[in-house]
Engineer: 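Have a look at this one.
Fair warning: this is a prediction, and the values are worked out from it, not measured in the lab.
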Amino acid sequence: MHPTDIDYRIWQVVALIPPGKVASYGQVAQLAGLPGYARQVGTALRKLPEHTKIPWHRVVNAQGAISLPAGSPSNTAQQSRLEAEGIIFNPGQRLSLSRFGWKP
DNA sequence: ACCGTGACTCTGC
DNA sequence: TGCAGAGCCACGG
């Protein structure tokens, strides 16, 4: 696979999300100048190599939940990384966007 | 070129 | 709250 121009633009925005903060797929798309491209954000993150330095784990859905398949290794990894940055998950596996949401 | 597929989101019941 | 339904849009086959 080769990354498309859209992928790069999305990665650039994700790279800006500070530790301990999160952004939604839709928010990332918008900041990348691609309103309506929320699904493409997920597609772009999926293409990242495992060793990447891009903080892909700081992207969650609009409900403050992890969108990766429940119980999957990647889902677990994402939650661990976020918790390691001080982010707290509610009982319902969701985090507070008002508390941890990134406001550029 | 057509069609199904998503790490999505918003609306409405 | 929770969950379909319907838009959404670039990709891959």
Engineer: State, to 0.1 Å, how close A:Pro55 and A:Ile17 come at their nearest heavy-atom pair, and which atoms those are.
Structural biologist: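 Answer, listing the atom of A:Pro55 first, then A:Ile17: CG-O, 4.2 Å.
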Engineer: What closest approach, in Å, do A:Pro104 and A:Leu31 show between heavy atoms, and which atom pair accounts for it?
Structural biologist: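 Residues A:Pro104 and A:Leu31, closest heavy atoms: CG-CD1, 3.9 Å.
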Engineer: Considering just the side-chain nitrogens and oxygens of A:Thr4, establish if one lies under 4.0 Å of OP1 or OP2 belonging to C:dA10.
Structural biologist: no
Engineer: In whole Å, what is the span from the CG atom of A:Asp5 to the P atom of C:dC9?
Structural biologist: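 About 17 Å, once rounded to whole Å.
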Engineer: Give me the residues of residues 11-50 of chain A where at least one heavy atom lies under 4.0 Å from an atom of DNA chain C, by number, or none.
Structural biologist: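 Per residue number, the list reads A:Gly36, A:Tyr37, A:Arg39, A:Gln40.
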Engineer: State, to 0.1 Å, how close A:Val28 and A:Ala23 come at their nearest heavy-atom pair, and which atoms those are.
Structural biologist: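 Between these two residues, the closest heavy atoms are CG2-CB, 4.0 Å.
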Engineer: If you compare all heavy atoms of A:Leu48 against all heavy atoms of A:Trp56, which two are closest, and at what distance to 0.1 Å?
Structural biologist: CD1-CB, 3.8 Å
Engineer: For residues A:Gln78 and A:Val59, report the shortest heavy-atom separation together with the two atoms involved.
Structural biologist: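 Here A:Gln78 and A:Val59 meet closest at NE2-O, 2.9 Å.
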Engineer: Polar-atom pairs under 3.5 Å, protein N or O versus N or O of nucleotides 3-6 of chain C: list them with distances, or write none.
Structural biologist:
none

Engineer: Could you tell me whether A:Glu85 and A:Lys21 have a side-chain N and a carboxylate O separated by less than 4.0 Å?
Structural biologist: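 Salt bridge between A:Glu85 and A:Lys21, a charged N being under 4.0 Å from a carboxylate O: no.
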Engineer: State the CZ-OG distance between A:Arg46 and A:Ser74, to the nearest 0.5 angstrom.
Structural biologist: 12.0 Å
Engineer: Other residues, nucleotides and ligands only: do more than 12 of their heavy atoms fall within 6.0 Å of NZ on A:Lys103?
Structural biologist: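 Enclosed.
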Engineer: Would you say that A:Leu16 contacts A:Trp102 through its side chain, given a criterion of any heavy-atom pair below 4.5 Å between the two side chains?
Structural biologist: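 A:Leu16 vs A:Trp102: side chains touch.
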Engineer: Please give me every residue in residues 61-95 of chain A whose heavy atoms get under 4.0 Å of an atom in DNA chain C, ordered by residue number.
Structural biologist: none
Engineer: Taking all heavy atoms of A:Asn75 and all of A:Leu68, pick out the closest pair and write down the distance.
Structural biologist: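 Shortest heavy-atom separation between A:Asn75 and A:Leu68 comes out as ND2-O, 3.1 Å.
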